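Taking it in order: structure first as structure tokens, then the write-up.
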There are 2 protein chains.
Amino acid sequence: MYSSELIKGTLKTIVLKLLTSQEKMYGYEITQKVKTLTGDKIQITEGALYPTLHALEEEGVVTTETVYIGKRIRKYYSITPKGKSKVEEKVNEFSEFMETMKFLLDIKPQTGNV
Amino acid sequence: MYSSELIKGTLKTIVLKLLTSQEKMYGYEITQKVKTLTGDKIQITEGALYPTLHALEEEGVVTTETVYIGKRIRKYYSITPKGKSKVEEKVNEFSEFMETMKFLLDIKPQTGNV
DNA sequence: AAAGATACATAAGATTTCTATGTATGCAAT
DNA sequence: ATTGCATACATAGAAATCTTATGTATCTTT
């Protein structure tokens with residue numbers, strides 16, 4: 001498990017990206033998928049996910065569809081065209097950010113005053 | 001400039017790493033160095049930096065030395081041995097995190113129900 | 001003399017996430 | 001049958017982090 005601060009700021013990107021890989025997913029499914037895909041390294045908590053999904057819906061980047069599985073409710077999320085361009089932006093930005101960080105974190109110590 | 005959320009959680013890592021590259025640095029110098037090194041892509045604000053530096057000092061990963069340049073004060077920060085092992089940990093963790101994210105953000109869309 | 005850069009610092013607010021809690025169903029084991 | 005675990009939604013309060021704004025003061029350049 002990564003220290004949670006690292007994951008901050010990437011949650012929306014992860015969720016949107018996942019929603020481009022499948023036509024629709026529901027909240028609980030997203031938490032499990034991320035857990036599995038990352039070998040338990042990233043765990044999205046429900047307390048973080050659900051408010052985020054609601055925010056994404058308000059932004060118009062996902063739409064919902066409520067389904068009953070027996071008596072249990074299930075809320076499917078799908079990405080909108082607006083969401084598709086958004087996720088592309090976000091992924092590109094994150095890739096650039098990673099390059100910058102790689103460079104920064106590869107700085108070598110100066111040799112002392114020889 | 002990156003959207004600020006991305007940078008969250010990486011400030012301490014950046015600062016500590018920089019302090020391994022030079023024997024000592026002062027706050028303002030750190031902001032300028034990061035700005036220069038990243039081509040203005042990452043800008044550390046003073047409101048974020050100073051509290052962080054104070055926290056790092058409390059954690060015992062940096063020590064300070066106050067110097068007068070004329071009448072103007074300057075506070076130099078140096079990394080401690082404890083800080084050196086900390087920064088190694090943090091850089092490793094971030095590298096792993098980047099690998100995980102790369103994998104996640106490279107997921108391909110499923111072909112539809114053909 | 002004014003403006004901009006240097007150099008420190010803190011406080012209020014925004015944002016994001018975590019922990020905890022709540023409700024409820026379905027299923028498996030005792 | 002009932003206890004416990006997994007599924008599935010949701011929100012509220014607390015914690016952490018960063019931004020914006022403000023404050024003080026010096027130095028340098030125009």
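Just so you know, these numbers come straight off a predicted model, no measurement behind them. Letters go in sequence order (proteins before strands), and every chain restarts at 1.
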Base, sugar-phosphate, or nothing: which does Glu29(B) touch, judged by heavy atoms less than 4.0 Å apart?
nothing

Membership question, hydrophobic clusters at under 4.5 Å side-chain separation (ILVMFWY): are Ile73(B) and Leu49(B) in the same one?
no

Expressed in angstrom and rounded to an integer, what is the separation of Ile7(A) atom CD1 from dT15(C) atom C1'?
17 Å

Nearest whole angstrom, please: distance from the P of dA10(D) to the CG of Leu49(A).
9 Å

Which nucleotide in the list dA9(C), dT17(D), dC9(D) gets nearest to the side chain of His54(B)?
dA9(C)

In this structure, how many angstroms lie between the P atom of dT15(C) and the CG atom of Leu11(A), rounded?
16 Å

For Ile30(B) and dA7(C), what is the distance between atoms CD1 and P respectively, to the nearest whole Å?
12 Å

On DNA chain D, compare the nucleotides closest to Arg72(A) and Thr52(B); which residue's is nearer the 5' end?
Arg72(A)

Quick check on contacts: within residues 57-67 of chain A, what sits under 4.0 Å from DNA chain C by heavy-atom distance?
none

Is a donor on one side and an acceptor on the other found under 3.5 Å between the side chain of Thr80(A) and the backbone of Gly60(A)?
yes

Assess whether a salt bridge exists between Lys41(B) and Glu99(A), defined as any Lys/Arg side-chain N lying under 4.0 Å from an Asp/Glu carboxylate O.
no

Nearest listed nucleotide, side chain of Tyr28(B), among dA10(D), dA5(C), dT25(C):
dA5(C)

Do the side chain of Lys90(A) and the main chain of Lys17(A) share a donor and acceptor less than 3.5 angstrom apart?
no

Look at Thr45(B) and dC18(D) and indicate whether a side-chain polar atom (N or O) is within less than 4.0 Å of OP1 or OP2.
no

Please determine whether a side-chain nitrogen or oxygen atom of Tyr50(A) lies at a distance below 4.0 Å from atom OP1 or OP2 of dA10(D).
no

Would you compute the distance between atom OG1 of Thr63(A) and atom CD1 of Ile79(A) and round it to the nearest 0.5 angstrom?
9.5 Å

Work out which heavy atom in Glu46(B) is nearest to a heavy atom in Tyr28(B); give both atom names and the distance.
OE1-CD1, 4.4 Å

Between dC9(D) (P) and Gln32(A) (CD): distance, integer Å:
11 Å

Grab the OH-C1' distance between Tyr76(A) and dT7(D) for me, whole Å please.
12 Å

Arg74(A) atom CZ is separated from dT25(C) atom C1', nearest whole Å, by 12 Å

DNA chain C nearest-nucleotide lookup for Ile69(A) and Ala48(A): closer to the 5′ end is Ala48(A)

Remember a base hit wins even if backbone is also touched, and classify Gly47(B) as base, sugar-phosphate or nothing at under 4.0 Å, heavy atoms.
base

Let me know the distance between CD1 of Ile73(B) and C1' of dC27(D), rounded to the nearest Å.
16 Å

By nearest-nucleotide position on DNA chain C, the 5'-leaning member of Gly9(A) and Pro51(B) is Pro51(B)

Quick one: CD on Glu89(B) to OG1 on Thr13(B), what's the gap to the nearest 0.5 Å?
10.5 Å

Please determine if a side-chain N or O atom of Tyr26(A) lies less than 4.0 Å away from the OP1 or OP2 oxygen of dA8(D).
yes

Which of the following nucleotides, dT16(C), dG26(C), dT6(C), is nearest to the side chain of Lys8(B)?
dT16(C)

Interatomic distance, NZ@Lys33(B) vs CD1@Ile107(A), rounded to 0.5 Å, equals 7.0 Å

